[in-house]
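Data block below; observations after.
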Amino acid sequence: MAQAPTTPPAVVHQEEHEKTTTGLNHKKLLMWAFLASDCMFFGTLIATYLVYKGKSKVGALPEDVFSIPVTSVSTFVLLMSSMSMVLAYAALRRGSLKGFRIWLLSTILLGSTFLGFQVFEFYEFVNHEVTIDCHEFAANPDGFSPFEAGIAGDECTEGVDEYEGTHGLTPRTNLFGTTFFTLTGLHGTHVTIGVIWLLGLFFYSFKKGAVTPARHLDTDLAALYWHFVDVVWIIIFPVVYLFGVFEGFPT
Amino acid sequence: MTSLSVPMIKRPVHPVGAWGWITTIDHKKIGIMYGITAFINFLIGGIEAIIMRAQLSGSNADIVSPEVFNQLFTMHGTTMIFLAVMPLGAAFFNYLIPLQIGARDVAFPRLNAFSYWVFLAGTLMLHLSWFMGEAPNAGWFAYAPLTSTAFNPGHGVDFWIVSLQVLGIASLAAAFNFIVTIINMRAPGMHMMRLPLFTWMTLITAILLVLAFPVITVALLELLFDRNYGMNFFFTAAGGDPVLWQHLFWVFGHPEVYILILPAMGIVSEILPTFSKKPLFGYSTVILAGVIIAFMGWLVWSHHMFTVGLGPIPNTVFTITTIAIAVPTGIKIFNWIFTIWKGSVEFRTPMLFAVGFIVTFTIGGISGVMHAMSASDAQQQDTYFVVAHFHYVLFGGAIMGIFGALYYWFPKYSGKMYNEGQGKTHFWLMFIGQNLTFFPMHFLGMDGMPRRIYTYGADMGWTEVNALQTAGSIVIVLSVLVFMKNFIQSWRSGKQAPGDPWDARTLEWSISSPPPEYNFEEIPIVQDRDDWWARKRGLVPRIAPSGASGDGHGIHMPQPSFWPLVAAIGIFVGAWGVIYSVPVLIIGAGIMIFGVYAWSFEPVNDPESEASTASGDAN
Amino acid sequence: MALAAACSDPHPQSTFDTHGPVAASQANIFYIIMYAGLVVFIGVMALLIYTTIRYRRRYNDKDPEQIHGNNTLEIAWTVAPALLLVAVAVPTIQTLWNNSISPEPAAMTVHATGSQWWFEFEIEELGVVTANELHIPVGEVINFVLESTDVIHSFWVPKLAGKVDMVPNNTNTTWFKADEAGEFFGQCAEFCGESHANMRFKVVAESREDFDAWVAAQLADSVVPVDPLVQQGHDLFMSIEAGCWACHTIRGSANAFGQVGPDLTHFASRRHLASGIMENNHENLVRWLTDPNDVKPGNVMSRDAAVYNDPDQALSEPQVAALAAYLRSLE
Ligand code: HEA
Ligand code: HEA
Ligand code: CUA
Ligand SMILES: [Cu+2]
């Protein structure tokens, strides 16, 4: 109870550092609290996914629909968008508003590309084509996944050489579909919100004095969010995609 | 900035009357609105309880149908927990936190208004289910698969999901706000270990909320998807596991019960020192105990699932973690008692409630520990023993604390004094009534009466005890009526209250009753844990206060706004749409986006009125 | 409903009045923790009452000494409760593990299945299938396998053992033993919908001889009708018009193999009707068959059977009488 300042502490009035007890901006603190909350949100979704992993009774499973190369590319794209965001921020702090806009736009494009991949992937899964060589099936039934073997068992009747048909994976198909689309769909929603936010920031930056090296809070917040959404994907990718396909990964 | 703001409606400047309340972003007015709405919810939940008690007053009674009975306990539980106790806590967070930490407002005043309006939207949503003839009926924890469309067609469960989702938004918004406010807006010298206990408990509660609500959000989304889009989360034929719902619900649910009790513990920790004229005994220990309770609250959820068949290993583990919580809680109880010890105790009404809290909460806590014994809990799970336990902690704990607070801070928020005699009558009626109502439930539970049954036979031996309980619940009703009379009359025509009627210790008592809109004419410089007490007793040197001084003129308060209300209306409409029709959902989403957009481009203060706030756009 | 079932026991579901080792061990733990809790409560209250009375404000009180805390005391009231809790946790956990598997080999395994709002009991090794009333031999361990066909129910016979839930997609097990002969009340103890309150059952513990006789009786096919009214009821039961056979099994009959409702082969041997909610006598049966929804709101039979959900097909009074006569002949 000692310190008894006889004069009020100097009021440091700095842009974006309004006088707060901790020196941290209110909105920055709010953002951190929100991200903590969002961690629990995704944590719960991922937990649900893991609980139901391998519990589907019918329909396509991860190994039937996933294409690791494609998703690796989209993961890479999203990672690059994070880097691009870092560069945008660095450019702004350097004082290059132009560099900021370019890198921001690049982040937006990369983010949209990721979303494009996701839409493509969802479309592929919903319209998943199955092609079965019935002779091959007769010769080596063990070479087929349980899902394909099930279809082959039904469709490879007398005289059928090859079977082709659509056996899509939708959120209703099985537990895998339900949990997969919910988890990745809600992540995609987060990315979409991020893209819209960055777009807003991009246009806002054309307003004079709205975004400057000293007025970087809005960029700070958007960047924080964007990196968070990326990190979530960095967890989803191995947990859902890699562990889903490669044998020997823990289940 | 102005160019981007939505010009259609003129921003309210100093509105008066109803409009002043609707557009207010003053934390004190919002606190009062929160309190009144939540209290009405408490009455509604209480009336639901009384109807249940009537049905149960004798064997084979035929007052309501089983279907209605199921709706009654579901709505009663949901209303009391989410619409009454939580927002009554929020009412006090709103009113008191800035006052206790020496701030002029919360960090995000408009977010605060938004939180209230969204809470109101959720409230209306849930109650409207009665009028739509589709009140939820699956119990307040809505175990799957009873909530699936196969066993629960109609929209009852949808109403439940959507209202809780909406209320979750309100709670989260408030929680974010209070975390930032408490961490970031303390007056100079108010470091963390000088914060009043109520503020500390609010901080812990807000952190719990922020971490616990997403879990129930996800669970509710999953259930919503199952019901409305045919997904399989809890669809047993596709392999969905009902036990997953239980895990998700209780991972949220147990922290939730501490969200309900920690504010009450904070309240008691304010009242006892004031009326004993002694500082809280073991201030740091009490805070630490609160932190430990909050942390351990995450490790005990499966004590609600001892009979689900998890096996002896989980049951052992959760028995141990659960009983461990009795230790930090006990620390609090003993510290409270030793706050009174060697004090100069004055039994005003708030003090009665605080001491009553210690009695009834201890009973509830001990019956909780009895439940935690997983071996014997198999005989108590889902019996009236549980009902006894949680009413002792919820009514005897949370509600007693809240009534204590309603009296203790009555002079502050109303500017009037309440009637002491009536206050004491209220206390004794309520104390006796609740023990009459809830204590016999222990015996009923041990006598094998399951909860959630709408009827029982005369041969079961439960009739007399039930009749006694119903009588007890009438005594509670009387007590609430006494309270309402006292409350309304005193607020209308009570004696004018001084700023510090109790010779209290914390900052809110250093200003007038009710406080001016800007709270503190001069932001105080805090030098002691019980700063106001220390100042009054001359224990700390007088120092020049910081900030503007004078008659409140050069103080710039954030301006009123309607956008939070518009956004909340959007959420209400959208939520309705989730249940009944997609176009309505889209309209609602549109209104909400419009509201949020207009809000985010509206400066805290219009530029003309001085740019006192730094990054003055969105909050 | 209120026919106080000639039952003398004033507390048929008391968990204190135990009749088997599982319930007894649970009651024992309850007593331990209850006394421990009582000690704590009395201690806390004594302290509270003493301080509040002793330190009441006198009219000329000065400010009391501003005491901020006392480490020794605080450590004391951290350690003391912790020790007490360890002391009660040990027997609890011991009992938990003791009760998790039966100590002796079981006499039989009963598959108990909950459905909205009745219980089926199947003793596979004996070939017995019955509903809502289970007979067991006294003094022998009975294992249970618990399942559910729809929502979560719970299997609870307070005087014999604590509850264990019946969760769809999760098979649970439990066991108990009755120390004495008697009729024990059971009740569903997990909220399961509209008629959760009316989902009950009985466990009849009897001597080995009586039990064997019961099994033999249950194994027999249903009796062939002789009385004309019974014959009429039988014909109605098996008719397309009433359609009872679609949901109920009556072994030995021509076409009643339904699986939706309780097995009725030896319906008349049961002491109670409609999952233990009332005595199985003629009046009650007539009430049940006339308007099951009145007796048990929401039940699946009145919801799905054409004779009950379609007023045009409703049974006439004589038809109900005939059906009742037939069912009551199914000893
Ligand atoms: C405000 C809300 C609140 C609070 C604070 C608590 C506090 C506790 N609860 Fe409670 N609980 C509920 C609300 C709450 N509960 C609700 C709503 C349900 C039912 C949900 C439903 O099914 O609908 C429930 C159900 C519930 C169960 C499940 C019962 C069942 O379904 O079978 C259990 C089991 O362990 C339990 C335990 C505890 C324990 C150990 C505490 C502890 O925190 C209590 C600690 C306090 C003390 C012990 C008293 C003070 C301590 C001392 C004086 C020190 C010395 C004491 C000892 C050595 C014993 N609770
Ligand atoms: C904070 C929470 C809280 C509170 C305060 C209460 C308060 C009360 N509860 Fe509560 N109760 C729960 C939380 C709470 N309950 C929960 C979570 C459940 C479980 C639900 C479930 O199983 O899903 C439950 C279940 C429950 C049951 C078990 C139902 C069952 O399992 O079948 C019963 C039965 O008696 C009951 C009774 C009461 C009573 C009599 C009160 C009384 O204290 C109420 C006091 C009455 C009033 C406050 C009314 C005052 C009214 C007036 C003064 C009239 C004036 C009116 C006008 C002027 C308009 N409650
Ligand atoms: Cu079955 Cu309750
Ligand atoms: Cu709990």
Side-chain angles (χ1 to χ4, degrees), chain B residues 60 65-67 70 139 143 145-146 151 236 241-243 277-279 281-282 285 307-309 312 315-316 319-320 323 326-327 330-331 333-334 337 340-346 355 358 362 366 369-370 373-376 378-379 381-382 446-448 450 452-455 457-461, chain C residues 1-2 4-5 7 10-16 26 29-30 33 37 40-41 44 47-48 51-52 55-57 61 63-64 66-69 74 77-78 81-82 85 89 92-93 95-97 99-100 151-152 158 162-165 167-170 172 187 189-191 193-197 297:
Chain B
N60 301 314
S65 71
E67 185 56 24
N70 297 344
Y143 275 0
L146 190 61
F151 304 108
T236 44
D241 190 353
V243 180
K277 290 205 186 292
K278 258 184 78 215
F281 195 89
T285 326
T307 62
V308 172
N315 285 3
T316 305
T319 294
I320 294 170
I323 57 176
V327 175
I331 292 176
I333 300 268
F334 292 117
I337 296 179
I340 305 173
W341 179 68
K342 287 198 174 167
S344 165
V345 181
E346 187 186 12
V355 172
I358 299 181
T362 301
I366 290 172
V369 175
M370 294 165 112
M373 302 293 136
S374 48
S376 55
Q379 290 282 31
Q381 220 299 304
D382 263 305
M446 295 316 289
D447 206 12
R452 298 175 166 182
I453 57 171
Y454 74 97
T455 190
D459 54 335
M460 304 306 293
Chain C
M1 230 186 284
C7 185
H11 294 285
Q13 287 185 190
S14 170
T15 60
F16 292 127
Q26 290 166 332
I29 294 299
F30 182 83
I33 179 68
V40 171
F41 180 71
V44 171
L47 203 59
L48 183 66
T51 47
T52 46
Y55 297 109
R56 287 194 78 138
R57 185 169 302 171
D61 260 8
D63 279 355
Q66 303 291 298
I67 309 165
H68 287 273
E74 290 180 54
W77 62 61
T78 309
L85 288 169
T92 301
I93 292 166
T95 305
L96 177 71
W97 284 83
N99 285 350
S100 66
V151 300
I152 304 177
K163 71 174 258 196
V164 180
D165 294 348
V167 188
N169 281 0
N170 291 263
N172 282 336
Q187 181 152 16
E190 183 66 59
F191 177 59
E194 196 171 349
S195 260
H196 161 63

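The chains referred to below are lettered A, B, ... by the order of the sequence lines, with proteins before strands, and numbering in each begins at 1. The structure presented is a predicted model; accordingly, all values stated were derived computationally and were not measured.
- Classified by interplanar angle (parallel below 30°, tilted 30° to 60°, perpendicular above 60°), the ring pair C:Tyr55/B:Trp341 is perpendicular.
- Residue C:Asn172 touches chain B through its side chain alone, counting heavy-atom pairs closer than 4.5 Å.
- We find that B:Glu346 and B:Lys277 are not joined by a salt bridge, their nearest charged nitrogen and carboxylate oxygen being 4.0 Å or further apart.
- C:Thr52 touches chain B through backbone and side chain together, each having a heavy atom under 4.5 Å away.
- Heavy atoms closer than 4.5 Å to chain B are found in both the backbone and the side chain of C:Leu85.
- The shortest distance between side-chain heavy atoms of B:Ile340 and C:Leu48 falls below 4.5 Å.
- By the 4.5 Å heavy-atom criterion applied to side chains, C:Glu194 and C:Pro297 are counted as neighbours.
- Residue contact with chain C, scored on non-hydrogen atoms closer than 4.5 Å, involves the side chain of B:Phe151 exclusively.
- If you tally non-hydrogen atom pairs under 4.5 Å between each of B:Gly309, B:Ser344, B:Ala375 and chain C, the highest count goes to B:Ser344.
- When each of B:Pro312, B:Gly139, B:Gly461 is scored by its heavy-atom pairs under 4.5 Å with chain C, the top score falls to B:Pro312.
- C:Val167 touches chain B through its side chain: at least one heavy atom from C-beta onward sits under 4.5 Å away, while N, CA, C and O do not.
- Within the 4.5 angstrom heavy-atom criterion, atoms from both the backbone and the side chain of B:Phe281 approach chain C.
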